[in-house]
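Only this structure's heavy atoms are used, side chains among them; waters, hydrogens and symmetry mates stay out.
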Amino acid sequence: MYNLPTMKNESLTDTPIWEEFEKAARRHRLNPTQILTAYMRELLEIWEFKKLDKEIRRDVQRSGFTEEDAVELVRQYRLEKKQNRAAS
């Protein structure tokens with residue numbers, strides 16, 4: 001396992017893992033910073049979706065709706081949204 005930077009003046013780019021990652025990315029003709037940025041963005045989205053899913057499940061349990069009811073409501077909402085976009 002790699003050690004993450006622990007000192008205030010040490011950055012990720014000063015670590016052996018970054019050097020290894022950078023070399024691998026360059027071998028594939030990719031920009032390591034762009035790869036890491038895209039990965040972090042995707043990870044943040046996943047965390048937000050998980051948080052939203054928890055909130056929805058909690059709200060559904062409190063409302064008395066079943067999960068199937070919630071799925072149907074979302075399906076109807078998406079269909080209406082799609083129809084509204086098509087009509088525009």
Taking atom [atom1] of [X] and atom [atom2] of [Y], what is their separation to the nearest 0.5 Å?
| X | Y | atom1 | atom2 | value |
| --- | --- | --- | --- | --- |
| R85 | Q83 | CZ | CD | 10.5 Å |
| L36 | L30 | CG | CG | 13.0 Å |
| E42 | T37 | CD | OG1 | 12.5 Å |

Short N-O contact, R75 and E72, less than 4.0 angstrom: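 Counted as a salt bridge, because a side-chain N and a carboxylate O are separated by less than 4.0 Å.
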Carboxylate-amine/guanidinium contact R26 E22, below 4.0 Å: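 Between E22 and R26 there is a salt bridge, with a charged N closer than 4.0 Å to a carboxylate O.
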Hydrophobic cluster membership, [X] vs [Y], 4.5 Å side-chain cutoff:
| X | Y | answer |
| --- | --- | --- |
| I17 | M40 | yes |
| I46 | Y39 | no |
| V71 | I56 | no |

Side chain to side chain contact (heavy atoms under 4.5 Å, CB included) evaluation trace for L43 with W47: CA-CA 6 Å; L43 191 58; W47 288 345; 3.7 Å; yes
Atom CD of E45 with >12 non-hydrogen neighbours under 6.0 angstrom: yes
Working for side chain to side chain contact (heavy atoms under 4.5 Å, CB included), residues K82 and R78: CA-CA 6 Å; K82 184 178 179 180; R78 288 180 178 164; over 6 Å; no
Side-chain donor or acceptor of N84 paired with backbone N/O of K81 under 3.5 Å: no
Side chain proximity check, W18 to S11, heavy atoms < 4.5 angstrom: no
